[in-house]
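Just so we're clear, the structure is a prediction, and the values are computed from it rather than from any experiment.
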2 protein chains.
Amino acid sequence: MDNRTVLLDRALELLAARGYDAVGVQEIAAAAEVTKPTLYHYFGSKRGLLDTLLAERFAPLHTDLCTAAAYQGDLPLNLYQVAGVYFDFARENGQFYGLLMTVRHAPPHSEAYQAALHLERRQIAVLESLFTQALPHMEGRHHRYALTFLGMINVYITLAVGGDIALDHEVQHQAVHQFMYGVFS
Amino acid sequence: MDNRTVLLDRALELLAARGYDAVGVQEIAAAAEVTKPTLYHYFGSKRGLLDTLLAERFAPLHTDLCTAAAYQGDLPLNLYQVAGVYFDFARENGQFYGLLMTVRHAPPHSEAYQAALHLERRQIAVLESLFTQALPHMEGRHHRYALTFLGMINVYITLAVGGDIALDHEVQHQAVHQFMYGVFS
DNA sequence: CAAGCACTATACCGTGCGGTATACTGCTCC
DNA sequence: GGAGCAGTATACCGCACGGTATAGTGCTTG
């Protein structure tokens, strides 16, 4: 593996575990067994490293999400597919999804939050568009539905990270069912 | 106001805006117009300051939460009351609730997360106990219900912080209704 | 008045931060 | 073969970090 890739991998491990502000570039470079100028050669700055990491690892999730959310007349099917995309991604990229969760909830004036803002917006936009097409008679609620659906997905993924559940098809069905029909059903 | 209180207030502002690791004790002390030894006199360490801040401002929320979650045979009523407690608290302590959200989702090996762990656990325990009493025949799902309910509350509060909605009684009812019966109802 | 204590400021500690100037490698391409 | 460039290391910059030793304040209590 070339140094660039190693740097991104080690950065992911460290940032996901301890956070953007708590980890220094020195430490990341050392973990990748290179020196700081190498890191700055590839990424220009600490922020550039974070941006690159987020962009490169987020891209496949976004692609799959767009596919799963393409509306064809069956909203429950779409929601089930979307949940599947998230579960699959979180299962195979647990560390990165953890990082995504932390930057998504970082303080609003922190660098990490700024770096993650548009990733969040893109996910919400896709989901909102799905709800808009599927439920055209419910104006004003689409944004709320997109956020609550993603929120429920994230709760289930967090549960899985804690080892309480497995992200299998059964749980996937339960999550979507709970979103559509609630717990009293 | 005495220096201790001013320090806590300024610390809340700064930490909520930029995060625990990005704000130095020097800056907090300067914002409170005192010097570092004063801060260290009251709180012993940076971590001690965070612990104190979280403990003191979280206490009233926890008290109200316990009251609202005391089960008396009507789960929907309890959920409605709990949502009310959170909405009221978030409306009156927006900055602190924001801080609570960031530390709750901080990286697992960060100091901020360690400091917030038991606060989170105490909230979940109260809600879990409520679900256990109200739905004794659904073993294994109480934890999930507690987390998804709190998750939905937090999504609505986040929406309100963004200015999209107001945390009034109507939204409070909508949130609880969505949790109980889903979006297809 | 004097002893003691809570509180605060000046000045400092060692360490690590993000970032860079410089120079050396090896490789490609004329 | 030499010019140029991507990639890497040594050594350094100024600065801010978390934390503390010391020395005062003023206020309470005998």
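- Taken residue by residue, residues 1-33 of chain B places heavy atoms nearer than 4.0 Å to DNA chain C at Asn3(B).
- Arg57(A) and Asp9(A) are joined by a salt bridge, as a carboxylate oxygen and a charged side-chain nitrogen come within less than 4.0 angstrom of each other.
- Near-neighbour residues of DNA chain C inside residues 109-118 of chain B, defined by a heavy atom below 4.0 Å, are absent.
- Using a 4.0 Å cutoff to heavy atoms of chain B, the contacted part of DNA chain C runs 5' to 3' from dC7(C) to dT10(C).
- Listed here is the closest heavy atom pair of Val171(B) and Tyr156(B): CG1-CD2, 3.5 Å.
- Across every non-hydrogen atom of Asp21(B) and Ala22(A), the tightest pair is OD2-CB, 3.7 Å.
- Annotation: ring pair (Phe, Tyr, Trp, His ring centres under 6.0 Å) contacts involving residues 17-60 of chain B, sequence neighbours excluded, comprise Phe58(B)-His62(B).
- Within 6.0 Å of NE2 in His109(A) there are 12 or fewer heavy atoms belonging to other residues, nucleotides or ligands.
- Looking at every heavy atom in both residues, Ala29(B) comes nearest to Leu39(B) through N-CD1, 4.3 Å.
- Aromatic ring pairs are classed by plane angle as parallel below 30°, tilted from 30° to 60° and perpendicular above 60°; the pair Tyr97(A) and Phe89(A) is perpendicular.
- Applying the side-chain contact (heavy atoms from CB on, under 4.5 Å) test between Leu130(A) and each of Tyr145(A), Phe149(A), Tyr71(A) identifies Tyr71(A) as the sole match.
- Neither OP1 nor OP2 of dG18(D) sits under 4.0 Å from any side-chain N or O of Ser45(B).
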What protein N or O atoms touch nucleotides 21-27 of chain D N or O atoms at under 3.5 angstrom, if any, and at what distances?
none

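- Remark on DNA chain C: of its neighbouring residues Arg47(A) and Thr38(B), the 5'-side contact belongs to Thr38(B), judged by nearest-heavy-atom nucleotide.
- Residues Leu150(A) and Met138(A) are members of one and the same hydrophobic cluster, defined by side-chain heavy-atom contacts under 4.5 angstrom among Ile, Leu, Val, Met, Phe, Trp and Tyr.
- Under the 4.5 Å side-chain heavy-atom criterion for grouping Ile, Leu, Val, Met, Phe, Trp and Tyr, Leu77(B) is not connected to Phe184(A) through any hydrophobic cluster.
- Here dC17(D) presents its P atom at 10 Å from OH of Tyr40(B), a figure rounded to the nearest Å.
- Summarising the geometry of Asp51(B) relative to Ala115(B), their closest heavy-atom pair is OD1-CB, 3.4 Å, with the distance given to 0.1 Å.
- Counting heavy-atom neighbours within 6.0 Å of Glu27(B) CD, excluding the residue itself, gives a total above 12.
- One side chain, Glu170(B) or Gln174(B), offers a donor N or O that lies under 3.5 Å from an acceptor on the other.
- Thr132(A) places a side-chain N or O within donor-acceptor distance of the main-chain N or O of Glu128(A), the cut-off being under 3.5 Å.
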Please produce a list of atom pairs where a protein N or O lies less than 3.5 Å from an N or O of nucleotides 4-6 of chain D.
none

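- Looking at every heavy atom in both residues, Ile124(A) comes nearest to Ala146(A) through O-CB, 4.1 Å.
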